[in-house]
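For clarity, every value in this text was computed on a predicted model and none was experimentally measured.
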Amino acid sequence: MQRRTFLSLVVAASAALATVAQAAAGNVDVYKGAECGCCDKWVQHMRDDGFVVRVNVVPDTAAYRAKAGIPLALGACHTAFVGGYAVEGHVPPVDIKRLLAQRPAALALVVPGMPQTSPGMDRPHGEAWDVLLLAADGSTKVFSSYAAK
């Protein structure tokens, strides 16, 4: 085999492996209640942004929050898992992509409650809100901030 052909195959294989790794990191498992329409809208935002999403309808999402180590005070209406992290509530896809790119030492991204202008709620006006990075010790820090509209 010629050296040029070999190098072309190595480059192609590397690119293919990188694509597979990115796709695996972008697979999202969502746990939500049957009647939650805003969860369905958030899922659509995720899909529109290129994520592969599997929706799991469950009678109670609290067990999934607990499994992820998310305190009740930081809870929202759905819990998701992606790339080794939990995602609680209406976290924008752009923040999840940043999380997966930066890979900080953390448990989750959380948006407590249901901010009216967050993805899935989609209201034109609402209060300012933050996306929080949740550490293993339970502490949080602001990951992203969204202004009032």
Side-chain angles (χ1 to χ4, degrees), residues 10-149:
V10 168
V11 169
S14 296
L17 288 174
T19 301
V20 168
Q22 285 179 329
N27 290 335
V28 182
D29 282 311
V30 179
Y31 297 86
K32 65 175 247 9
E35 303 300 321
C36 190
C38 66
C39 296
D40 294 330
K41 290 178 183 176
W42 180 80
V43 165
Q44 191 58 53
H45 278 277
M46 294 293 290
R47 288 179 173 149
D48 290 348
D49 222 279
F51 287 93
V52 175
V53 183
R54 182 173 50 199
V55 176
N56 301 280
V57 177
V58 296
D60 183 14
T61 59
Y64 298 92
R65 259 189 303 285
K67 174 183 172 185
I70 299 169
L72 281 175
L74 299 178
C77 56
H78 60 268
T79 303
F81 297 91
V82 59
Y85 294 97
V87 175
E88 180 68 16
H90 293 265
V91 176
V94 67
D95 291 320
I96 297 169
K97 286 182 176 183
R98 186 174 139 216
L99 174 78
L100 294 173
Q102 294 178 351
R103 310 275 326 151
L107 293 178
L109 284 182
V110 298
V111 173
M114 298 170 74
Q116 295 301 297
T117 60
S118 64
M121 296 302 290
D122 301 325
R123 302 278 167 79
H125 303 288
E127 300 293 323
W129 53 279
D130 295 324
V131 175
L132 305 175
L133 185 69
L134 175 65
D137 66 2
S139 65
T140 61
K141 68 179 183 178
V142 175
F143 190 75
S144 294
S145 292
Y146 293 85
K149 292 183 182 180

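One side chain, Tyr146 or Asp95, offers a donor N or O that lies under 3.5 Å from an acceptor on the other.
In this view, Asp40 and Lys32 satisfy the salt bridge (Lys or Arg N to Asp or Glu O under 4.0 Å) rule, not counting sequence neighbours.
A donor-acceptor pair is defined here as one N or O able to donate and one able to accept, closer than 3.5 Å; such a pair exists between the side chain of Gln116 and the backbone of Met114. Between the Arg98 side chain and the Phe143 main chain, a donor and an acceptor come within less than 3.5 Å of each other. Checked by atom type and distance alone, the side chain of Trp129 never pairs as donor or acceptor with a backbone atom of Pro112 at under 3.5 Å. Although no hydrogens or angles enter the test, the distance criterion places no donor-acceptor pair under 3.5 Å between the side chain of Arg65 and the main chain of Leu74. In this structure, Arg47 contributes its side chain and Val53 its backbone to a donor-acceptor pair below 3.5 Å. A donor-acceptor distance shorter than 3.5 angstrom exists from the side chain of Asn56 to the backbone of Val30, with no hydrogens or angles considered. At distances below 3.5 Å, not a single donor-acceptor pair connects side-chain atoms of Asp130 with backbone N or O atoms of Leu132.
Heavy-atom minimum distance, Ala80 versus Trp42: CB-CH2, 4.0 Å. Contact between Pro119 and Pro92 at its shortest, heavy atoms only, is CG-CA, 3.6 Å. A pairwise comparison of heavy atoms in Gly83 and Arg103 identifies O-NH2, 2.8 Å as the closest pair.
Surrounding CD of Gln102 are more than 12 heavy atoms belonging to other residues, nucleotides or ligands, all under 6.0 Å away. Within a 6.0 Å radius of CD in Glu127, no more than 12 heavy atoms belonging to other residues, nucleotides or ligands are found.
One finds the CD1 atom of Ile96 at 5.0 Å from the CZ atom of Phe51 (value rounded to the nearest 0.5 Å). Rounding to the nearest 0.5 Å gives a distance of 13.5 Å between OH of Tyr64 and CD1 of Ile70. Atoms SG and CD, on Cys77 and Glu88 in that order, are 8.0 Å from each other to the nearest 0.5 Å. Atom NE2 of His125 is separated from atom OG1 of Thr117 by 10.5 Å, given to the nearest 0.5 angstrom. With rounding to the nearest 0.5 angstrom, the OG1 atom of Thr61 is 12.0 Å from the OH atom of Tyr31.
With contacts defined as side-chain heavy-atom distances shorter than 4.5 Å, the pair Pro104/Tyr85 qualifies. Inter-residue side-chain proximity for Pro71 and Leu134 is flagged as met; some heavy-atom pair is nearer than 4.5 Å.
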Exercise. Verify side-chain contact (heavy atoms from CB on, under 4.5 Å) between Leu109 and Leu133, making sure each step is shown before the conclusion.
Key: CA-CA 5 Å; Leu109 284 182; Leu133 185 69; 3.7 Å; yes
Practice problem: Apply the test side-chain contact (heavy atoms from CB on, under 4.5 Å) to residues Val82 and Met46: give CA-CA distance (whole Å), side-chain angles for both, the deciding distance (0.1 Å), then the verdict. | Solution: CA-CA 11 Å; Val82 59; Met46 294 293 290; over 6 Å; no
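Ring orientation note: the planes of His78 and His90 are nearly perpendicular, at an angle over 60° on the 30°/60° scale.
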